[in-house]
K.L.:
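Can you keep this structure in mind? I'll have questions shortly.
Numbered from 1 within each chain, the chains take letters A, B, ... in sequence-line order.
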Amino acid sequence: MSLSARYQPQETETKWYDYWLKKNYFHSEPDEREPFTVVIPPPNVTGVLHMGHMLNNTIQDILVRKARLSGKNACWVPGTDHASIATEAKVVRLLREQGIKKGDIGRDAFLEHAFAWKDKYGGIILDQLKRLGASCDWERTRFTMEPSLSDAVLHVFVNLYEKGRIYRGLRMTQWDPEALTVLSNEEVIYKEENARLFHLKYYRTDNPDLFITIATQRPETIMADVAIAVHPQDERYQSFIGKSVFVPLINREIPIIADAYVDIAFGTGALKITPAHDQNDYEIGKKHKLPVIDILTPNGKLNEKATILVGQDRFEARKNIKKLLEEAGALEKIEDYRTSIGHSERTDAVVEPRLSLQWYVDMKPFAKTALEAVKSGEVKFYPESMFNMYQSWLQEDNIRDWCISRQLWWGQRIPAWFLKTEEEDENQQVFVAKTADDALKQAIEKTGNASLTLADLKQDEDVVDTWFSSWLWPISVFDGFKDPKEIAYYYPTQVLVTGWDIMFFWVARMIMSGYEFSPELLDAVKIKEKGAMPFKAVYYTGMVRDNKRRKMSKSLGNSPDALALIDNYGADGVRFGVLSSAAAGNDIIFDAPFDPKTQEVLNESKLCEQGRNFCNKLWNALRLLQGWEVTEIEKNDGDHAIAELANQWLDARINQTLVLLQDQFNSYRLSEALITVYKLIWDDFCSWYLELIKPAYGEPIQKKVLEQAIAHFEKLMTILHPFMPFVTEEIWHQLKQRAEGEDCVVSVWPTVNEYDKLLIADVDLLKLVTTSVREIRNNHQIKMKEELTLYLQQSILTNQWLHRKGIKEALCKTSVLNEVSLTEEEITNTVTFLGGNDKFYLVINTTINVEEEKGRLVKEIEYYQKFISSVENKLTNEKFANSAPADIVNKERQKLADGQTKLKGLMEALTKLG
RNA sequence: GGGUGAUUAGCUCAGCUGGUUUAGAGCACCUGCCUUACAAGCAGGGGGUCAUAGGUUCGAAUCCUAUAUUACCCA
């Protein structure tokens with residue numbers, strides 16, 4: 001069967017993925033082997049595959065496949081995250097299009113819609129991961145809102161509440177007026193924007209001629225002012241302290257207070273205090289026991305407490321109040337300035353500080369544990385520098401309590417019940433329990449009122465933050481809170497691969513929950529032996545950016561379509577492209593070009609093209625092998641000698657590379673590892689080995705030689721498999737008939753054997769000489785096919801080299817020579833070049849341009865002269881000789897001696913030319 | 001405003017513990033090849049004051065300080 005000249009990834013990829021699934025190769029059950037566990041960072045259930053996922057999951061797949069080949073019990077758990085805000089927003093929008101309002105249909109009906117939607121569209125992303133080749137254990141697919149994982153959330157909530165680590169409190173929060181929910185600080189994105197600073201006059205109540213000017217960005221909130229604050233040392237306002245002023249427009253009287261918080265230099269040095277609508281003002285208000293006047297509705301409109309502009313949106317009100325203030329003569333001036341304004345990560349709405357009752361996790365003890373875990377090296381970060389960011393976040397003075405309640409329905413409902421009769425406030429009695437019945441028992445016990453029934457209780461309306469379920473992911477995917485059997489085997493997981501942007505949202509919190517809960521779930525011996533951490537290492541990927549360095553995002557439309565890329569280049573090609581410029585932690589500038597006309601991103605990539613070309617190269621190497629005729633007759637001729645040399649040499653090179661690869665895998669330098677394998681295959685295997693063993697035109701290849709070549713090829717396919725699984729599996733099967741279950745995906749990673757370093761050096765010289773001869777051919781326009789004669793200077797080294805079995809024959813083959821012999825004389829009328837320290841003389845059948853030759857030699861002589869003098873300078877420096885380590889000094893001496901030998905040779909050659 | 005990183009060839013990046021690196025790769029570029037596996041290829045080549053200025057050291061792309069540019073994190 002003859003193969004097409006180009007590798008066709010499309011059919012091949014589906015074929016093999018289905019086959020692997022059919023053979024259940026990705027499924028893991030606990031056994032006696034060492035586990036290699038990876039949990040996927042669960043993508044949003046609403047998500048579609050983007051470049052970040054491609055990178056992230058390619059890396060995980062490489063690690064998992066490598067572990068599988070290395071004989072470990074590899075288990076990669078996939079799943080999705082319910083992503084409360086994002087998904088709820090999507091479902092709300094969808095319902096709105098159908099004319100249904102969330103509030104009208106009620107909680108249960110809404111959740112039905114949401115689940116229906118999730119069942120229909122959720123998990124698309126998981127199917128897309130299959131196209132990438134992700135070797136996840138799909139039987140273990142989990143979802144953060146499925147019953148078992150929700151139970152874990154409730155369990156942990158109750159547990160932490162009982163430990164006094166969760167509390168309910170009235171706090172200033174970041175409110176999203178569009179999603180109508182509170183946000184955690186981390187969900188607020190600050191953006192630098194143009195804003196205006198309004199200078200407003202507040203007139204004294206005791207003297208209508210005196211006024212104080214304040215500067216504010218938010219004039220629409222003046223109706224909520226409760227005081228003006230100045231710095232106690234501010235000379236300008238000493239006479240104002242203790243007096244009162246009228247709020248413009250509404251003429252409510254408010255006091256002027258002194259507080260050192262006020263920045264004398266900012267604005268006018270006087271600050272309006274609006275506790276309901278500013279975090280800092282709230283703190284000052286509390287300190288000075290000032291009232292709180294909240295003039296905004298949850299969706300950001302002015303309420304009746306504002307008394308004017310009621311019903312208007314905050315931004316509309318800002319415009320309108322400007323006119324009113326002007327008319328009232330209260331507006332002194334407006335200044336432009338730059339400030340950063342918080343936006344909701346999900347809806348992009350400008351967040352509103354809002355006072356509300358929320359649930360919090362006390363983070364101080366957690367932070368300490370999490371910081372210590374990484375500091376001590378129990379959890380390792382790659383790259384290490386990520387620790388700085390981690391530390392600055394977890395430091396005691398930076399850590400904030402985690403607000404975990406969200407005013408949404410899509411998520412785990414907070415397991416807290418209140419008495420219906422009580423006013424909703426901080427002091428309200430609360431019964432935290434897994435079920436309503438348990439809560440009722442508590443209520444009866446605590447109130448002493450035995451007649452209470454479920455009807456007297458009301459469950460908290462809110463759900464917990466999504467991250468409150470995903471922080472349990474490494475435990476809950478194994479149902480660890482229910483049954484410790486699996487987790488005892490799989491925990492701790494090996495490595496977490498994620499972007500650094502969710503280091504705080506997720507990574508830090510998983511470390512916290514891991515140390516908090518795994519000791520309760522696993523026995524002490526196991527913990528002592530394996531550790532309590534959720535993962536031993538974290539590999540942080542960079543953000544994927546476009547060629548203008550913008551983060552690739554759906555909203556910018558600057559991300560190529562991941563699936564279209566796979567269509568264009570094959571999954572292997574895309575995996576190659578995505579990985580090859582992705583050192584850990586570094587942002588990746590993905591090279592997809594933009595259409596110059598439409599400015600739309602194209603689904604093209606030079607790097608992916610390189611990956612595709614690599615597949616094609618492999619494919620053609622296979623075609624070469626398959627095209628050879630085979631002979632059983634063994635001849636002890638030159639070809640045989642070459643084949644033996646090539647065989648031993650490639651074996652040495654593979655072993656040498658395996659050592660390097662292991663080091664690169666251990667330190668997670670995967671893009672380097674890929675390049676290493678790429679070069680081994682393209683340069684060593686294809687360009688040198690195959691060319692060496694290639695029989696002359698029309699001649700057959702010896703059976704043994706072909707078998708050796710196939711064995712090498714097969715080994716290389718195993719080594720490349722983690723990076724490019726599809727093409728390697730295909731070639732693996734094309735190479736020879738396979739028994740049932742004899743597949744590349746479950747082949748055995750080669751063990752490292754001793755290898756002959758001298759042989760590698762000898763072949764290096766062979767390559768060097770060959771390249772030099774080819775260059776001379778190029779320069780003198782000598783045809784590749786024309787056979788030439790080569791002499792080499794007699795020396796111990798050249799003598800040994802040329803007498804290694806196969807070298808001479810190999811050199812004749814690669815350099816197209818009819819004769820190679822040693823000489824003690826300078827050979828005239830030849831082109832001289834250096835190989836190592838020795839001189840080589842190439843006889844060419846055209847007249848040599850003496851001037852040109854001289855020029856070439858002079859250039860080389862100059863290079864070595866400069867080189868020698870720099871080494872000499874070093875060596876004659878006494879301080880160097882005295883303080884540098886002996887081996888460095890010896891190396892320098894060797895460098896000098898080699899340089900001098902080379903220089904001498906070149907000078908002689910130059911003299912010969914006359 | 002506080003912090004962290006980056007700056008190496010036209011582009012995208014390696015270069016780990018300072019010394020076999022007067023700096024490597026891929027792409028792009030130049031020259032020559034449709035050579036019987038592969039033009040998605042082969043053979044060869046050119047191209048860098050390692051951002052700038054100081055310093056430490058026998059020795060600096062690598063360590064330190066400052067500056068510039070740039071990206072991000074936090075408020």
K.L.:
I'd like to know if the side chain of T631(A) pairs up with that of Q702(A) as donor and acceptor (distance under 3.5 Å, no hydrogens or angles considered).
P.N.:
no
K.L.:
Tell me the interatomic distance from Q174(A), atom CD, to A75(B), atom C1', rounded to whole angstroms.
P.N.:
11 Å
K.L.:
Do F685(A) and F713(A) have their ring centres less than 6.0 Å from each other?
P.N.:
yes
K.L.:
Rounded to whole angstrom units, what separation is found between the CG atom of L579(A) and the P atom of C13(B)?
P.N.:
14 Å
K.L.:
Is a side-chain donor-acceptor pair under 3.5 Å present for E853(A) with N849(A)?
P.N.:
no
K.L.:
What is the separation between atom CD on Q664(A) and atom P on G15(B), rounded to the nearest whole Å?
P.N.:
11 Å
K.L.:
Write down the distance separating the P atoms in C29(B) and A40(B), rounded off to the nearest Å.
P.N.:
14 Å
K.L.:
What residues, two or more places apart in sequence or in another chain, satisfy ring-ring contact (aromatic ring centres under 6.0 Å, His included) together with F867(A)?
P.N.:
none
K.L.:
Heavy-atom nearest nucleotide on RNA chain B for S385(A) versus Q894(A): which residue maps closer to 5'?
P.N.:
S385(A)
K.L.:
Quick one: stems for RNA chain B, with Watson-Crick or G-U pairs under 3.5 Å, at least three in a row?
P.N.:
B:1-7 with B:68-74, B:10-13 with B:24-27, B:29-33 with B:41-45, B:51-55 with B:63-67
K.L.:
On a whole-Å scale, what distance lies between the P atoms belonging to U22(B) and C34(B)?
P.N.:
39 Å
K.L.:
Atom pairs, N/O to N/O, protein against nucleotides 44-46 of chain B, distance under 3.5 Å?
P.N.:
unit_1	atom_1	unit_2	atom_2	d
G44(B)	OP1	T771(A)	OG1	3.3
G44(B)	O4'	N778(A)	ND2	3.2
G45(B)	OP1	E775(A)	OE1	3.4

K.L.:
For atom P, what is the distance between C16(B) and U62(B), given to the nearest Å?
P.N.:
11 Å
K.L.:
Taking the six-membered ring for Trp, are Y540(A) and W500(A) ring centroids under 6.0 Å apart?
P.N.:
no
K.L.:
Without decimals, in angstroms, what is the distance between W393(A) CH2 and C72(B) P?
P.N.:
19 Å
K.L.:
Tell me, please, whether W402(A) has R509(A) positioned over its six-membered ring: NZ or CZ under 6.0 Å from the ring centre and within 45 degrees of its axis?
P.N.:
yes
K.L.:
When the P atoms of A60(B) and C13(B) are considered, how many whole Å apart are they?
P.N.:
28 Å
K.L.:
Grab the CE-P distance between M386(A) and C72(B) for me, whole Å please.
P.N.:
14 Å
K.L.:
Return the value, rounded to whole Å, for the distance between atom CZ of F504(A) and atom C1' of A75(B).
P.N.:
14 Å
K.L.:
With sequence neighbours left out, write down each residue that passes ring-ring contact (aromatic ring centres under 6.0 Å, His included) with H780(A), or none if nothing qualifies.
P.N.:
none
K.L.:
Pick the nucleotide of RNA chain B nearest each of D663(A) and I888(A); which residue has the one closer to the 5' end?
P.N.:
D663(A)
K.L.:
Which nucleotides of nucleotides 21-26 of chain B have their base under 4.0 Å from a protein heavy atom (B), which only their sugar-phosphate (S), and which neither (-), written as one string 5' to 3'?
P.N.:
-B--SS
K.L.:
Enumerate the side-chain hydrogen bond (donor to acceptor under 3.5 Å, both in side chains) contacts for residues 857-872 of chain A, please, sequence neighbours excluded, ordered by first and then second residue.
P.N.:
none
K.L.:
Mind checking the CZ-OG1 spacing from F723(A) to T58(A)? Nearest 0.5 Å is all I need.
P.N.:
11.5 Å
K.L.:
How far, in whole Å, is A53(B) from A23(B) if one measures between their C1' atoms?
P.N.:
22 Å
K.L.:
Using the C1' atoms only, state how far G47(B) lies from G10(B), rounded to an integer number of Å.
P.N.:
9 Å
K.L.:
Determine the minimum heavy-atom distance between L579(A) and L670(A), stating which atoms define it.
P.N.:
CD2-O, 3.9 Å
K.L.:
In whole Å, I'd like the distance from the CG atom of D887(A) to the P atom of G19(B).
P.N.:
12 Å
K.L.:
Name the pairs: protein N/O against N/O of nucleotides 33-41 of chain B, kept only if under 3.5 Å.
P.N.:
unit_1	atom_1	unit_2	atom_2	d
A37(B)	O2'	N620(A)	OD1	2.5
A37(B)	O2'	R623(A)	NH1	2.9
A37(B)	N6	E691(A)	OE2	2.9
A37(B)	N3	N620(A)	O	2.9
A37(B)	N3	A621(A)	N	3.3
C38(B)	O4'	N620(A)	OD1	2.9
C38(B)	O4'	N620(A)	ND2	3.3
C38(B)	O2'	N616(A)	ND2	3.4
C38(B)	O2	K617(A)	NZ	3.1
C38(B)	N3	K617(A)	NZ	2.8
A40(B)	OP1	R6(A)	NH2	2.8
A40(B)	O4'	N613(A)	OD1	3.3
A40(B)	O2'	N616(A)	ND2	3.0
A40(B)	N7	R6(A)	NE	2.9
A40(B)	N7	R6(A)	NH1	2.6
A40(B)	N7	R6(A)	NH2	3.0
A40(B)	N6	R6(A)	NH1	3.3
A40(B)	N3	R612(A)	NE	3.2
A40(B)	N3	N613(A)	OD1	3.4
G41(B)	OP1	N613(A)	ND2	3.1
G41(B)	O3'	K617(A)	NZ	3.3

K.L.:
Only counting residues at least two apart or in another chain, list the ones meeting ring-ring contact (aromatic ring centres under 6.0 Å, His included) with H343(A).
P.N.:
none
K.L.:
Would the Y382(A) and Y539(A) ring centres measure less than 6.0 Å apart?
P.N.:
no
K.L.:
Detail all sub-3.5 Å separations between protein N/O atoms and N/O atoms belonging to nucleotides 55-62 of chain B.
P.N.:
unit_1	atom_1	unit_2	atom_2	d
C58(B)	O2'	N877(A)	ND2	2.9

K.L.:
May I have the distance from F505(A) (atom CZ) to C73(B) (atom C1'), rounded to whole angstrom?
P.N.:
12 Å
K.L.:
With rounding to whole Å, what would you report as the distance between A43(B) and U7(B) at their C1' atoms?
P.N.:
36 Å
K.L.:
Applying salt bridge (Lys or Arg N to Asp or Glu O under 4.0 Å), can you list everything that pairs with R777(A), at least two apart in sequence or on another chain?
P.N.:
none
K.L.:
Rounded to whole angstrom, note down the P distance from U36(B) over to C42(B).
P.N.:
14 Å
K.L.:
Name the residue from F504(A), F387(A), F505(A) that meets the ring-ring contact (aromatic ring centres under 6.0 Å, His included) definition with W393(A).
P.N.:
F504(A)
K.L.:
Would a distance-only check, ignoring hydrogens and angles, find a side-chain to backbone donor-acceptor pair under 3.5 Å from S605(A) to C608(A)?
P.N.:
yes
K.L.:
With a sphere of 6.0 Å drawn around CD of Q662(A), does it hold more than 12 non-hydrogen atoms of other residues, nucleotides or ligands?
P.N.:
yes
K.L.:
Please work out if R669(A) contacts a base, only the sugar-phosphate, or nothing of the nucleic acid, heavy-atom cut-off 4.0 Å.
P.N.:
base
K.L.:
Could you tell me which residues satisfy ring-ring contact (aromatic ring centres under 6.0 Å, His included) with Y678(A), sequence neighbours excluded, listed by chain and number?
P.N.:
F576(A), F614(A), W682(A)
K.L.:
Going by salt bridge (Lys or Arg N to Asp or Glu O under 4.0 Å), name the residues that satisfy it together with R653(A), two or more places apart in sequence or in a different chain.
P.N.:
D684(A)
